[in-house]
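Because only heavy atoms are used, hydrogens play no part in the values below, and waters and symmetry mates are left out as well, while side chains stay in. Note that the structure is a prediction, hence the values are computed from the model and not measured.
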Amino acid sequence: MDTRVGIVGAGPAGLLLAHLLSRQGIESVVLEARSREYVEARVRAGVLEQTTVDLLGEAGVADRLHREGLVHEGLELRFDGRGHRIDLSELTGGRAITVYGQQEVVKDLIAARLEAGGELRFEVEDVTLHGLDGERPSIRFRHDGSEHELHCDLIAGCDGFHGVCRDAMPDGVLSVYEREYPFAWLGILAEVAPSSEELIYCHHDRGFALHSMRSPQLTRLYLQCEPDETIDAWPEERIWAELQTRLATDDGWTLEEGPIVEKGITPMRSFVVAPLRHGRLFLAGDAAHIVPPTGAKGLNLAAADVRVLSEALNAWYARGDASGLDAYSDTCLRRVWRVQHFSWWMTSMLHRFAGDDPFEAELQRSQLRYVCSSRAAATTLAENYVGLQRV
């Protein structure tokens, strides 16, 4: 098999890259270890930056997003029993966020890929990368019981944190930067209409809570919990009681309850590798970086990576200009570290850290009061939350 760009991973990064390249007339093959049913059903991020929405619109895959996505022009910071609205749109010249699940983005991109007749193979096994330092690297894999080798000009590693591409880089090439947080998120999906029209980020002495949504009929809620807790320790009654306690306000705001249809515990981690390129292998998305979910940046950062990579590849194929490819890692890492800082800052401001340190708690309250009373501080939050256009 031969193609121009071999893409490992059919998550948002790999599928969006394939679609952007196709629109530029650049052939690619996408390989995915999971089944189509699995990748279209796995629930991940649900908040799209304005920058990501604009990119999907420019790529012609945003029709359903615009019909079904929930546009939010603000969010609420809640602490000490009171809510404080941050007007994202007013502070950023009309920019906003859109609530639209990652799995819906994946469905739209798969449909566009198949409609265009692009090569997309699910349930591939034993993927290995070869010849990364040469001009024609290859990907070997097994599919439907047969062995295959895909020769290409370069390889895009979009196969996530647990994928094979990052590990294919030679020893000593990568520097790893990481931080694990001393807490996790318990997330639920409940069949009940959202209790607020916008997201609520809540700081509470018992720990962080987040009110979000997936649709007008589905509410997404999160609780800070211990990283070693099991989901069995959280029956529905305990979950709702804790959410009611943490999200309660002095004015009697009501959190509506409903059947929980999904729940799980997610660890909190910051992770970056550098560089994002070795030879003809380029890493993008979760294969290269992980952010804590507080800033709602994972999917958005992956989209930013592949935008940079697709533009660099277009210049290379169209004009022989390799400057974008040479600068790919540095260009992406500038945004990666800006997003890492914002996600760390949001996490540090809103979560209860171990030890019940009253000094730490008062610092958090001071920061929250400042963000909610200073236009400059609120603008910093808003600009980062809706997505910086240039970094």
Closest non-hydrogen atom pair, [X] against [Y]:
X: L20; Y: S310; value: CD1-OG, 3.6 Å
X: L276; Y: S329; value: N-OG, 2.8 Å
X: L325; Y: L309; value: CD2-CD1, 4.0 Å
X: G157; Y: C165; value: CA-SG, 3.5 Å
X: T51; Y: L388; value: OG1-O, 4.0 Å
X: L199; Y: S212; value: CG-OG, 3.8 Å

Nearest-0.5 Å distance, [atom1] of residue [X] to [atom2] of residue [Y]:
X: E123; Y: L31; atom1: CD; atom2: CG; answer: 13.0 Å
X: R121; Y: H148; atom1: CZ; atom2: NE2; answer: 5.0 Å
X: I239; Y: L223; atom1: CD1; atom2: CG; answer: 7.5 Å
X: Q340; Y: W345; atom1: CD; atom2: CH2; answer: 15.5 Å
X: I155; Y: S28; atom1: CD1; atom2: OG; answer: 13.0 Å
X: Q364; Y: L368; atom1: CD; atom2: CG; answer: 7.5 Å

Within the side chain of [X], is there an N or O that forms a donor-acceptor pair under 3.5 Å with the backbone of [Y]?
X: R23; Y: A59; result: yes
X: R334; Y: V336; result: no
X: Q50; Y: V386; result: no
X: E229; Y: E226; result: yes
X: D159; Y: G14; result: no
X: H72; Y: A96; result: no
X: R78; Y: T249; result: no
X: H143; Y: F122; result: yes
X: N384; Y: F342; result: no
X: T3; Y: G6; result: no

Practice problem: Under the side-chain contact (heavy atoms from CB on, under 4.5 Å) rule, what do Y385 and L91 come out as? Steps first, then yes or no, please. | Solution: CA-CA 11 Å; Y385 200 83; L91 292 166; over 6 Å; no

Exercise. Could you tell me how the ring of W185 sits relative to the ring of Y222: parallel (under 30°), tilted (30 to 60°) or perpendicular (over 60°)?
Key: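 Rings of W185 and Y222: tilted, as their planes differ by 30° to 60°.
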
Are [Y] and [X] connected into the same hydrophobic cluster when the rule is that any two of I, L, V, M, F, W, Y join if their side-chain heavy atoms are below 4.5 Å apart?
X: L350; Y: L255; value: no
X: L109; Y: V124; value: yes
X: L247; Y: W240; value: yes
X: L221; Y: I97; value: no
X: L189; Y: Y100; value: no

Basic-acidic side-chain contact under 4.0 Å: [X], [Y]:
X: R307; Y: E58; result: yes
X: R335; Y: D305; result: no
X: R375; Y: E90; result: yes
X: R238; Y: E242; result: no
X: R95; Y: E383; result: no
X: E73; Y: R85; result: no

Between [X] and [Y], is any pair of side-chain heavy atoms under 4.5 Å apart?
X: F183; Y: T347; value: yes
X: R42; Y: V106; value: no
X: V339; Y: H289; value: no
X: Y328; Y: P275; value: no
X: D326; Y: R277; value: yes
X: V5; Y: C152; value: no
X: E135; Y: R280; value: yes
X: E178; Y: I290; value: no

Exercise. Please test F141 against V164 for side-chain contact (heavy atoms from CB on, under 4.5 Å), starting from the C-alpha separation and ending with a verdict.
Key: CA-CA 12 Å; F141 62 97; V164 301; over 6 Å; no

Quiz item: Under a single-linkage rule joining Ile, Leu, Val, Met, Phe, Trp and Tyr whose side-chain heavy atoms are separated by less than 4.5 Å, which residues share a cluster with V71?
Solution: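 For V71, no cluster forms, as it stays isolated from other hydrophobic side chains.
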
Quiz item: Who passes side-chain contact (heavy atoms from CB on, under 4.5 Å) against R352, sequence neighbours left out?
Solution: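 Only Q224, D356 meet the side-chain contact (heavy atoms from CB on, under 4.5 Å) criterion with R352.
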
Self-check item: For R142, all residues meeting salt bridge (Lys or Arg N to Asp or Glu O under 4.0 Å), sequence neighbours excluded
Solution: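 Expected list: E125, D126, E147.
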
Quiz item: What's the verdict on side-chain contact (heavy atoms from CB on, under 4.5 Å) for T219 and S195, showing C-alpha distance, side-chain angles and the deciding distance?
Solution: CA-CA 8 Å; T219 299; S195 302; 5.7 Å; no

Practice problem: Could you please spell out the steps behind the ring-ring contact (aromatic ring centres under 6.0 Å, His included) verdict for Y177 and W337? | Solution: CA-CA 11 Å; Y177 309 85; W337 282 113; 5.5 Å; yes

Is the count of non-hydrogen atoms from other residues, nucleotides or ligands lying under 6.0 Å from [X] atom [atom1] greater than 12?
X: E149; atom1: CD; answer: yes
X: R365; atom1: CZ; answer: yes
X: R34; atom1: CZ; answer: no

Quiz prompt | Partner of F79 by ring-ring contact (aromatic ring centres under 6.0 Å, His included), out of H204, H203, H84 | solution =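 It is H84, the one option of H204, H203, H84 that forms the ring-ring contact (aromatic ring centres under 6.0 Å, His included) with F79.
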
Self-check item: Distance-only donor-acceptor check, side chains T230 and D232, under 3.5 Å
Solution: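 Absent: no donor and acceptor within the cut-off.
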
Self-check item: V176/F271 under side-chain contact (heavy atoms from CB on, under 4.5 Å): CA gap, chis, key distance, verdict
Solution: CA-CA 7 Å; V176 179; F271 176 86; 3.5 Å; yes

